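Predicted model only: the values in this text are computed from it and were never measured.
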Amino acid sequence: MKKIFFAAISVFWLPLAAAAGEISPGAVPGSINYQGRLEHDNAPITGTVHIYFRIYNAPTGPNTLRWSSPLISAEAAQGIFSANITPSMDVFSRAEKLYLEVQVESEILTPREPLSSVAYALVAKKLEDGA
């Protein structure tokens with residue numbers, strides 16, 4: 001009797017367990033979140049800030065631009081801000097070291113920051129979508 005009971009439970013729970021490991025479209029967001037802290041004259045900034053993001057394949061130099069964001073308006077509170085960028089997936093599929101440049105208002109922050117493997121996980125999203 002116990003064998004029949006467990007067999008009946010298995011029939012119902014096995015499909016659910018199999019689906020638990022599946023990745024559905026949209027499960028991976030297509031954007032990268034960037035957070036930072038801004039100060040002016042050693043005081044945190046509060047208010048709207050205008051930011052541009054650029055991705056390069058070198059830590060310095062103007063001729064290696066791979067992607068550039070449109071103007072992003074972000075709200076800073078006590079200097080803390082957050083912005084989402086959505087670079088083209090092709091940027092990450094070239095197997096090269098990439099660097100993020102941030103421009104706040106007219107000031108370009110230096111040095112460029114190397115992108116880590118989390119951003120490269122966007123390539124997995126491209127595979128998830130069947131591209």
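- Between the CD atom in Glu96 and the CG atom in Leu115 there is a gap of 11.0 Å [rounded to 0.5 Å].
- The shortest side-chain heavy-atom distance between Lys97 and Asn57 does not fall under the 4.5 Å cut-off.
- Arg37 places none of its side-chain heavy atoms less than 4.5 Å from the side chain of Gln78.
- Annotation for Tyr52: atom OH does not count as buried by contact number, only 12 or fewer foreign heavy atoms lying within 6.0 Å.
- Ser69 places no side-chain N or O within 3.5 Å of a backbone atom of Ile85 that could act as its donor or acceptor partner.
- A chain of hydrophobic side-chain contacts below 4.5 Å, direct or via other Ile, Leu, Val, Met, Phe, Trp or Tyr residues, connects Leu98 to Trp67.
- At a threshold of 4.5 Å between side-chain heavy atoms, the hydrophobic network of Ile, Leu, Val, Met, Phe, Trp and Tyr places Ile72 and Ile32 in one connected group.
- Note on Val49: it clusters hydrophobically with Val102, by side-chain heavy-atom contacts below 4.5 Å among ILVMFWY residues.
- Relative to the ring axis of Tyr56, Arg112 places its NZ or CZ within 45° and under 6.0 Å from the centre.
- The distance from the CG atom of Leu38 to the CD1 atom of Ile51 is 6.5 Å, given to the nearest 0.5 Å.
- Contact record, Ser82 with Gln35: OG-CG, 3.8 Å, taken as the closest heavy-atom pair.
- Contact between Asn84 and Asn33 at its shortest, heavy atoms only, is OD1-ND2, 3.1 Å.
- In this structure, Ile55 and Phe92 have side chains that are in contact, with non-hydrogen atoms separated by less than 4.5 Å.
- With sequence neighbours excluded, the residues forming a ring pair (Phe, Tyr, Trp, His ring centres under 6.0 Å) with Phe53 are Tyr34, listed by chain and number.
- Heavy-atom minimum distance, Ser73 versus Thr48: CB-CG2, 4.1 Å.
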Taking distance alone, no hydrogens or angles, what donor-acceptor pairs closer than 3.5 Å link side-chain atoms of residues 104-111 to residues at least two apart or in another chain?
residue, atom, partner, partner atom, Å
Glu105, OE1, His50, ND1, 3.4
Glu105, OE2, His50, N, 3.0
Glu105, OE2, His50, ND1, 3.3

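- Considering every non-hydrogen atom in both Asp90 and Ser93, the closest pair reads O-OG, 3.1 Å.
- Distance check, rounded to the nearest 0.5 Å: CG of Leu100 to CZ of Arg54 gives 10.0 Å.
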